[in-house]
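This report refers to the structure that appears directly beneath it.
Quick note on labels: first sequence line is chain A, next is B, and so on, each numbered from 1. Note: hydrogens, waters and symmetry copies are ignored here, and every other heavy atom, side chains too, is used.
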Number of protein chains: 4
Amino acid sequence: MVQIDPRSSTPIYEQIIQQLKELCLKGVLKPGDKLPSVREMATIIIANPNTVSKAYKELEREGIIETLRGRGTFVSENAQKTLDEGKINMIKEQLKQVIIDAFYAGMDINEIHTWIEEIKKEIGGKGRA
Amino acid sequence: MVQIDPRSSTPIYEQIIQQLKELCLKGVLKPGDKLPSVREMATIIIANPNTVSKAYKELEREGIIETLRGRGTFVSENAQKTLDEGKINMIKEQLKQVIIDAFYAGMDINEIHTWIEEIKKEIGGKGRA
Amino acid sequence: MVQIDPRSSTPIYEQIIQQLKELCLKGVLKPGDKLPSVREMATIIIANPNTVSKAYKELEREGIIETLRGRGTFVSENAQKTLDEGKINMIKEQLKQVIIDAFYAGMDINEIHTWIEEIKKEIGGKGRA
Amino acid sequence: MVQIDPRSSTPIYEQIIQQLKELCLKGVLKPGDKLPSVREMATIIIANPNTVSKAYKELEREGIIETLRGRGTFVSENAQKTLDEGKINMIKEQLKQVIIDAFYAGMDINEIHTWIEEIKKEIGGKGRA
DNA sequence: GTGGTCTAGACCACG
DNA sequence: GTGGTCTAGACCACG
C-alpha cells in the first residue's frame with residue numbers, strides 16, 4: 001500500500017507520513033482501521049523500524065492515527081481540523097513556492113487550477129470540501 | 001530585499017533561492033539587473049559567502065541568473081520555460097502534498113483556489129500566464 | 001582506485017569526477033556497486049569530505065551515481081544517454097580545441113584517429129558504441 | 001574576427017587564445033599578418049587590456065605570435081612543432097576526458113571519428129597532416 | 001554511520 | 001573586486 005522510493009530526496013519517514021495521509025483522505029484507510037505494527041510496516045516497506053516509528057509518532061501528534069496500548073495502531077475516528085493559524089500561513093507559503101516553481105516550469109495559472117481539481121478528484125469526497 | 005530567517009527549518013541557501021525567484025517573477029528584479037556580489041549579499045543578509053554562492057550557483061543552473069566574467073551576476077534575459085516532464089511531475093507531487101496538508105488544516109478546495117488567485121495577483125502579470 | 005594529483009591544475013573534485021566516470025565506462029565500477037562513503041573516500045584520497053561531496057553531487061546530477069537513503073552511494077543502473085544538444089555542442093567545441101592543440105603539438109590527423117582507437121580499447125566494450 | 005562570450009565558463013583570455021590559434025590554423029591569419037594592438041583588441045572585443053595582454057603573452061610563449069618592439073604583434077613565420085612529450089601526454093589525457101564525456105552524452109566512436117574529420121576539414125589543409 | 005548544511009577563513013585565477 | 005576551490009570543523013537530520 002505504501003510505496004517508498006529510497007532514491008527520493010524526501011526522507012523516508014516523510015514519505016510514509018505523506019502516503020498514509022493520502023490514503024486516509026482517499027478513504028482507502030478508514031477510521032478504526034488497524035495499521036500494521038511498526039515492525040510489520042518496516043518489514044513490508046523495507047525500512048528501519050525507527051523510521052516507521054518516527055512517522056507513526058508524527059501522525060499521532062497530528063491526531064490522524066492513535067495507538068491503543070496493547071492493541072495496536074488505528075486510524076483515528078475524527079481526523080479533526082486543526083485551524084492553527086501558524087500552520088495555515090506555513091501552508092500558504094509552501095503553496096506559493098510550489099506555484100513559483102510551476103511558473104518557472106512553464107505552467108500557467110489555469111493549468112494549476114486544473115491540476116488542483118484533478119487532485120481533488122483523486123483524493124475524493126473525503127476532503128472536507 | 002531578501003529576508004532570511006535563520007530559525008527557519010528551510011536552509012538559508014533555499015530561502016535565498018526562493019526569494020530571488022519570487023522577486024524575479026514579481027518583476028522587482030528585471031532581466032539585466034545586477035545582483036549584489038556574493039560577498040555583498042552575504043554581508044547584507046548576514047550569512048556566509050559560501051552559502052550565498054551555493055544559492056547563486058543553483059539559480060544559475062536553473063537559468064534564472066547568469067554570471068558575466070568580471071562584471072558580476074545578473075538576472076537572465078529569458079528565464080526560459082523548461083518543460084521538463086520529470087520536473088513537472090515533481091511539482092504536481094509537491095502540489096498534492098501541500099493540498100493534503102491544507103485539507104488536514106481545515107481548508108476546503110475553494111479556499112485553495114482563492115489562495116492561488118491571490119498568489120497569482122501577488123506575483124503579478126510577470127507570471128507567464 | 002582513484003588517484004588524485006594535488007599539484008594538478010585540474011581541481012580535485014574534477015579529478016574525482018573524471019576518474020569515477022572512467023572507471024564506470026571501463027566496467028571496473030558496475031551498476032549497483034557501492035562507492036566508498038564521502039568520509040571514507042576523503043580518507044582514502046587524502047582530501048576534505050566537502051571536496052568529495054562536491055564531486056559526488058555532480059555525478060549524481062549527471063545520473064551516474066545515486067544516493068539511497070541510509071544505505072550509501074551506488075553506481076546507477078542505467079547511466080542513460082542524455083542527448084542534450086547544448087551539451088553535444090559543448091563537447092564538439094572542446095574536441096575542436098583539443099585537436100587544435102594536438103596540431104600545434106605536432107600531431108597529425110591520423111595519429112589522432114589512432115589515439116581515439118586506443119582510448120576506445122582502453123575504456124572497452126562498455127562504451128555504448 | 002574574435003568572438004568573446006562573457007557567459008562562458010571558459011576564461012576570456014583562454015577564449016582569445018583558442019580563437020587566434022584556430023584562425024591561424026585555418027589560414028585566416030597568415031604568417032606575417034599584424035594583429036591588433038592589445039588596446040585595439042581590448043576595444044574590439046570589449047575586454048580588459050590586461051586580459052588581452054595575458055592571451056598575447058601566452059601565444060608568444062607558444063611561438064604562435066611574436067612582438068616586434070615598436071612595430072606591433074605579428075603571426076609567426078614558423079609555427080614550429082613543439083613535440084614536448086609532457087604536453088602530448090596532457091593532450092592525450094584531455095582527449096580521453098572529452099571522449100568519456102562524449103560517450104556519456106550518447107555518442108558512439110564512429111560519430112567521434114566523423115566529427116574529427118569535420119573539424120579537420122573546417123580548420124583545413126593548414127593542419128600539418 | 002551517512003550525507004546535508006553552515007561557518008570561518010585561506011588562497012587563487014580572472015579581469 | 002569577483003567568483004572558484006579547498007580545508008577544517010561543527011552541528012544536525014536521517015536511518
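- Taking Lys96(A) as the reference, Glu22(B), Glu122(B) meet the side chain to side chain donor-acceptor pair (under 3.5 Å) condition, with sequence neighbours excluded.
- Helical stems involving DNA chain E, defined as 3 or more consecutive Watson-Crick or G-U pairs under 3.5 Å, span E:1-14 with F:1-14.
- Applying the salt bridge (charged side-chain N to carboxylate O under 4.0 Å, His left out) rule to Lys92(B) yields no partners; only residues at least two apart in sequence or on another chain are considered.
- Put simply, Thr73(B) has a side-chain N or O that comes within less than 4.0 Å of OP1 or OP2 on dG3(F).
- Considering CD1 of Ile44(A) and CD1 of Ile4(A), their distance stands at 11.5 Å, rounded to 0.5 Å.
- One interatomic measurement links the two molecules: CD of Glu40(B) to C1' of dT2(F), which rounds to 10 Å at whole-angstrom precision.
- Counting only heavy atoms from C-beta outward, the side chains of Tyr104(A) and Leu25(B) approach each other to under 4.5 Å.
- Applying the side chain to side chain donor-acceptor pair (under 3.5 Å) rule to Arg61(C) yields the partners Glu58(C); only residues at least two apart in sequence or on another chain are considered.
- Proximity of Ser37(B) to the phosphate of dG3(F): a side-chain N or O atom is located under 4.0 Å from OP1 or OP2.
- Under the side-chain contact (heavy atoms from CB on, under 4.5 Å) criterion, Arg71(C) pairs with Pro6(A), Leu68(C), Phe74(C), sequence neighbours left out.
- As a whole-Å value, the separation of Ile65(C) CD1 from dT2(E) P is 15 Å.
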* **Verdict with reasoning, Ile45(D) to Val52(D), per side-chain contact (heavy atoms from CB on, under 4.5 Å)** => CA-CA 9 Å; Ile45(D) 65 178; Val52(D) 176; 4.2 Å; yes
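- By the 4.0 Å N-to-carboxylate-O rule, Asp101(D) lies too far from Lys87(C) to be salt-bridged with it.
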* **nucleotides 5-15 of chain E: protein proximity per nucleotide (B base, S sugar-phosphate only, - neither; heavy atom, under 4.0 Å)** => SBBBB----SS
